[in-house]
Protein chains: 2
Amino acid sequence: MRKRKPSPKRRSGCPLNASVEMLGDRWSLLILRDMMLRGFRTYKEFLKSHEGIATNILADRLRKLEAHGIITTKRDPADGRKLIYLLTAKGIDLAPVLTEMVLWAARHEETGNQALVRQIQNDKEQFLAAVRQRWAEKTIRSTAN
Amino acid sequence: MRKRKPSPKRRSGCPLNASVEMLGDRWSLLILRDMMLRGFRTYKEFLKSHEGIATNILADRLRKLEAHGIITTKRDPADGRKLIYLLTAKGIDLAPVLTEMVLWAARHEETGNQALVRQIQNDKEQFLAAVRQRWAEKTIRSTAN
DNA sequence: CCATCTTACTTGTGAAATGCAAGTGCAGAC
DNA sequence: GTCTGCACTTGCATTTCACAAGTAAGATGG
């Protein structure tokens, strides 16, 4: 597991602060959710899907996530216009954070997607294992091409 | 467990989106960390501590966290100038989210506070139980006054 | 091989959020 | 009554954001 050298302008060394500086905005975690749970991989999918992110913001977030080593890109071998965005190991390792946030909101707010919520509540570890396995399969297929 | 009616202007019903809309900024989670782990309870403590939040932003974030039912305030009975900020049950229930974020950053970044990290890694459930118990004790003392 | 379409962006503009410095109002201490 | 401490608010410059429009490079159809 390769670690980055400490960024020069970090506000503090607290690990929570590090997470917040990478993920603490209104879009990054939603993009990661789409990659992790919905299997989205291209710019267009992110753009037209979910909560309606602006195109310049999406480009900026993808750039930042890549700079932080959370995602990578590769050209689609079948269509040279397409860039395929993939989660790195560091990225897929955010799965427990996302699931805890989903569980928390589901406990305290009126939310949709109860199927997902119940699946996580039913067996969290199994859910995480499934997420990780789907990622591993996809990643092998993708990097093999 | 009382739930809020769905906010009219939510971008989507996804539970992750709900969490992100309440907590997805550069300060809210740090304030909650200070309450949960460092025992901070007053405006002044939040202000002069941690990563240097601006006073107007702090006032704004505290207002929003209270509006979302994550924290409450009460007057200090011993000093009428002081407001004491306390985590609600919904607030302390964010402990698993914070710990997962700490663990993730500790795994993938160079961060400080290794003592805390090792304590969580060593036994996550015990750590969470201790956090919850400290909260329960403080809350009983506080609301009894 | 040329026109057209798709994809992944960038650019421009106004609105909103943020950061910083200074000031206000109220409670308590002296 | 003055002075200090606490929890803010206000004003202003800077940064970030959202929305609309435009662009470059690769694919597609004739």
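Keep in mind that this is a model prediction, so the values were computed, not measured.
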Do the numbers put Arg41(B) on top of the ring of Trp135(B), so that NZ or CZ is under 6.0 Å from the six-membered ring centre and no more than 45° off the axis? no

Kindly state which residues belonging to residues 54-63 of chain A come within less than 4.0 angstrom of DNA chain C, counting heavy atoms of the residue only, listed by number. Thr55(A), Asn56(A), Ala59(A), Arg63(A)

N/O donor-acceptor pairs under 3.5 Å from side chains in residues 99-106 of chain A, not counting sequence neighbours:
{"residue": "Thr99(A)", "atom": "OG1", "partner": "Ala95(A)", "partner atom": "O", "Å": "3.3"}
{"residue": "Thr99(A)", "atom": "OG1", "partner": "Pro96(A)", "partner atom": "O", "Å": "3.0"}
{"residue": "Glu100(A)", "atom": "OE2", "partner": "Lys124(A)", "partner atom": "NZ", "Å": "2.6"}
{"residue": "Trp104(A)", "atom": "NE1", "partner": "Lys90(B)", "partner atom": "O", "Å": "2.9"}

What's the CD-P distance between Glu66(B) and dA7(D), to the nearest Å? 14 Å

So Val97(B) and Leu94(B), do their side chains get closer than 4.5 Å, heavy atoms only? yes

Rounded to whole Å, the NZ-P distance (Lys48(B) to dC6(D)) equals 8 Å

How would you list all residue pairs meeting side-chain hydrogen bond (donor to acceptor under 3.5 Å, both in side chains) that involve residues 56-66 of chain A, not counting sequence neighbours? Asp25(A)-Arg61(A), Asp60(A)-Lys64(A), Glu66(A)-Thr73(A)

Protein-nucleotide distance (Tyr43(A), atom OH; dA25(D), atom P), rounded to Å: 17 Å

Whole angstrom is fine here: how far is it from CZ in Arg11(A) over to P in dG19(C)? 8 Å

Between atom CZ in Arg26(A) and atom C1' in dA17(C), what is the gap in whole Å? 11 Å

Polar atom pairs (N or O), protein with nucleotides 25-30 of chain C, under 3.5 Å:
{"residue": "dG28(C)", "atom": "OP1", "partner": "Gly80(B)", "partner atom": "N", "Å": "3.1"}

Map Asp76(A) and Gly52(A) onto DNA chain D by nearest heavy atom, then report which one ends up closer to the 5' terminus. Gly52(A)

Just how far is it from atom CE of Met36(A) to atom CG of Leu16(B), taken to the nearest 0.5 Å? 9.5 Å

Atom-to-atom span, CD of Glu45(B) to P of dA7(D) - whole angstrom: 9 Å

All pairs passing side-chain hydrogen bond (donor to acceptor under 3.5 Å, both in side chains) where residues 125-134 of chain B contributes a residue, at least two apart: Gln133(B)-Glu137(B)

State whether Trp27(A) places a side-chain N or O below 4.0 Å from either non-bridging phosphate oxygen (OP1 or OP2) of dC17(D). no

How about Tyr85(B) and Thr72(B): does a side-chain donor come under 3.5 Å of a side-chain acceptor? no

Rounded to the nearest Å, what distance is computed from the CG atom of residue Leu83(B) to the P atom of nucleotide dC6(D)? 13 Å

Does the side chain of Trp27(B) come within less than 4.5 Å of Leu58(B)'s, by heavy atoms? no

Partner set under salt bridge (charged side-chain N to carboxylate O under 4.0 Å, His left out) for Arg33(A), not counting sequence neighbours: Glu51(A)

In whole angstrom, what separates Leu47(B)'s CG from dC20(C)'s P? 12 Å

